[in-house]
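What follows is one structure encoded as structure tokens, with my remarks underneath.
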Amino acid sequence: MADKEELTRFGVSFPAPLIEQFDEYVEEQGYSNRSEAIRDLARKALLEPSRLKPEQLVAGTIVMVYDHHARELPLLLMEIQHDYHRDIISNMHVHLNHNQCLEIIAVRGQLAKLRQLHQQIQVQKGVTYAELSVTFAEEEHAGEEHDHPGHGHR
């Protein structure tokens with residue numbers, strides 16, 4: 001296990017109404033203290049796609065909801081995904097109701113290319129929701145195995 005990172009303390013000033021709301025958030029989310037919540041919020045802010053460089057290697061998801069009956073849309077979405085087959089790891093398709101489908105696409109690649117894929121999906125007529133969410137992904141060296149705790153080598 002890696003050594004614990006050194007923590008740096010700093011003071012933060014909040015107006016009373018904001019700290020009351022924040023303390024409710026801390027409790028609702030199950031944090032044991034404000035510091036844990038602030039650290040998670042900072043990590044999340046630093047992973048905003050707008051902050052990352054276009055060439056950054058990332059992994060994440062594109063989540064979309066669309067009208068299954070929109071003319072040619074399911075076929076068009078499939079063709080778009082085939083164009084990005086090297087960047088798509090997997091996908092899951094869920095029928096929400098008679099008209100709507102939810103699709104979750106696991107992606108990995110350069111942020112710029114994943115943004116293009118997301119943009120092509122979200123502008124299609126019949127797509128009611130499309131969101132790209134990413135995190136950093138380190139490029140593995142060729143031939144290097146990656147160990148997952150409890151799963152052995154893959």
Side-chain angles (χ1 to χ4, degrees), residues 1-8 10 12 22 25-26 28-154:
M1 186 169 190
D3 293 330
K4 258 190 147 179
E5 293 177 319
E6 182 180 330
L7 299 176
T8 302
F10 68 98
V12 179
F22 187 68
Y25 170 82
V26 168
E28 288 167 4
Q29 297 299 313
Y31 290 108
S32 59
N33 58 55
R34 291 175 182 163
S35 292
E36 287 179 2
I38 290 171
R39 284 192 292 269
D40 275 358
L41 291 171
R43 286 185 197 106
K44 183 177 179 182
L46 293 172
L47 284 172
E48 283 294 319
S50 61
R51 288 192 42 83
L52 300 175
K53 294 182 174 119
E55 66 276 4
Q56 175 72 48
L57 184 64
V58 297
T61 59
I62 296 174
V63 177
M64 68 172 135
V65 176
Y66 65 91
D67 181 351
H68 174 75
H69 296 294
R71 183 176 168 92
E72 304 288 326
L73 183 60
L75 183 58
L76 187 56
L77 290 171
M78 189 182 306
E79 287 175 6
I80 292 169
Q81 290 182 50
H82 275 277
D83 290 342
Y84 289 85
H85 70 275
R86 286 187 173 86
D87 303 292
I88 295 177
I89 300 167
S90 181
N91 69 352
M92 180 173 67
H93 185 97
V94 178
H95 304 283
L96 296 177
N97 55 44
H98 182 69
N99 296 321
Q100 289 184 307
C101 293
L102 167 75
E103 195 155 336
I104 303 165
I105 307 170
V107 293
R108 181 183 180 130
Q110 281 193 329
L111 179 59
K113 197 159 184 195
L114 300 181
R115 282 180 175 156
Q116 288 174 352
L117 170 59
H118 170 248
Q119 190 269 338
Q120 285 187 35
I121 290 169
Q122 75 178 2
V123 299
Q124 299 303 317
K125 187 175 173 130
V127 173
T128 56
Y129 175 81
E131 182 179 26
L132 170 64
S133 177
V134 298
T135 189
F136 292 109
E138 293 295 321
E139 195 151 9
E140 292 184 45
H141 300 289
E144 196 175 283
E145 290 189 25
H146 183 73
D147 187 26
H148 292 272
H151 295 269
H153 286 351
R154 293 189 183 259

Could you give the side-chain donor-acceptor pairs of residues 125-132 under 3.5 Å, partners two or more places apart or in another chain?
unit_1, atom_1, unit_2, atom_2, d
T128, OG1, V65, O, 3.2
Y129, OH, E131, OE1, 2.3

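- In terms of the salt bridge (Lys or Arg N to Asp or Glu O under 4.0 Å) criterion, residue partners of R34 (sequence neighbours excluded) are, by chain and number, D23.
- H93 NE2 to M64 CE: the interatomic distance, rounded to the nearest 0.5 Å, is 9.0 Å.
- Rounding to the nearest 0.5 angstrom, the gap separating the CD atom in Q29 from the CG atom in D40 is 9.5 Å.
- With a 4.5 Å cut-off on side-chain heavy atoms, T61 and S133 count as touching.
- Listed by first and then second residue, the ring-ring contact (aromatic ring centres under 6.0 Å, His included) pairs involving residues 96-117 are H69-H98 (not counting sequence neighbours).
- Once rounded to the nearest 0.5 Å, the distance linking CD1 of I89 with CZ of R108 reads 6.5 Å.
- Contact of the V58 side chain with the L114 side chain is registered, since non-hydrogen atoms from C-beta on lie closer than 4.5 Å.
- Annotation: the span from L117 atom CG to Q119 atom CD amounts to 10.0 Å, rounded to 0.5 Å.
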Query raised in the report: Between V63 and I105, does a side chain to side chain contact (heavy atoms under 4.5 Å, CB included) hold up when you go through it step by step?
Result: CA-CA 6 Å; V63 177; I105 307 170; over 6 Å; no
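- Atom CD of residue Q110 and atom CD of residue Q56 lie 9.5 Å apart, to the nearest 0.5 angstrom.
- The closest donor-acceptor contact from the side chain of Q122 to the backbone of H118 lies at 3.5 Å or more, if one exists at all.
- Applying the side chain to side chain donor-acceptor pair (under 3.5 Å) rule to E72 yields no partners; only residues at least two apart in sequence or on another chain are considered.
- To the nearest 0.5 Å, the span separating CZ on F10 from CD1 on I38 amounts to 6.0 Å.
- Applying the salt bridge (Lys or Arg N to Asp or Glu O under 4.0 Å) rule to R86 yields no partners; only residues at least two apart in sequence or on another chain are considered.
- Using a 4.5 Å heavy-atom threshold, the side chains of V107 and I62 count as touching.
- Contact between N97 and N99 at its shortest, heavy atoms only, is OD1-N, 2.9 Å.
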Using a 3.5 Å cut-off and no angle test, enumerate the donor-acceptor pairs between side-chain atoms of residues 73-84 and protein atoms at least two apart in sequence or in another chain.
unit_1, atom_1, unit_2, atom_2, d
Q81, OE1, N91, ND2, 3.1
Q81, NE2, E103, OE2, 3.0
Y84, OH, Q120, NE2, 2.8

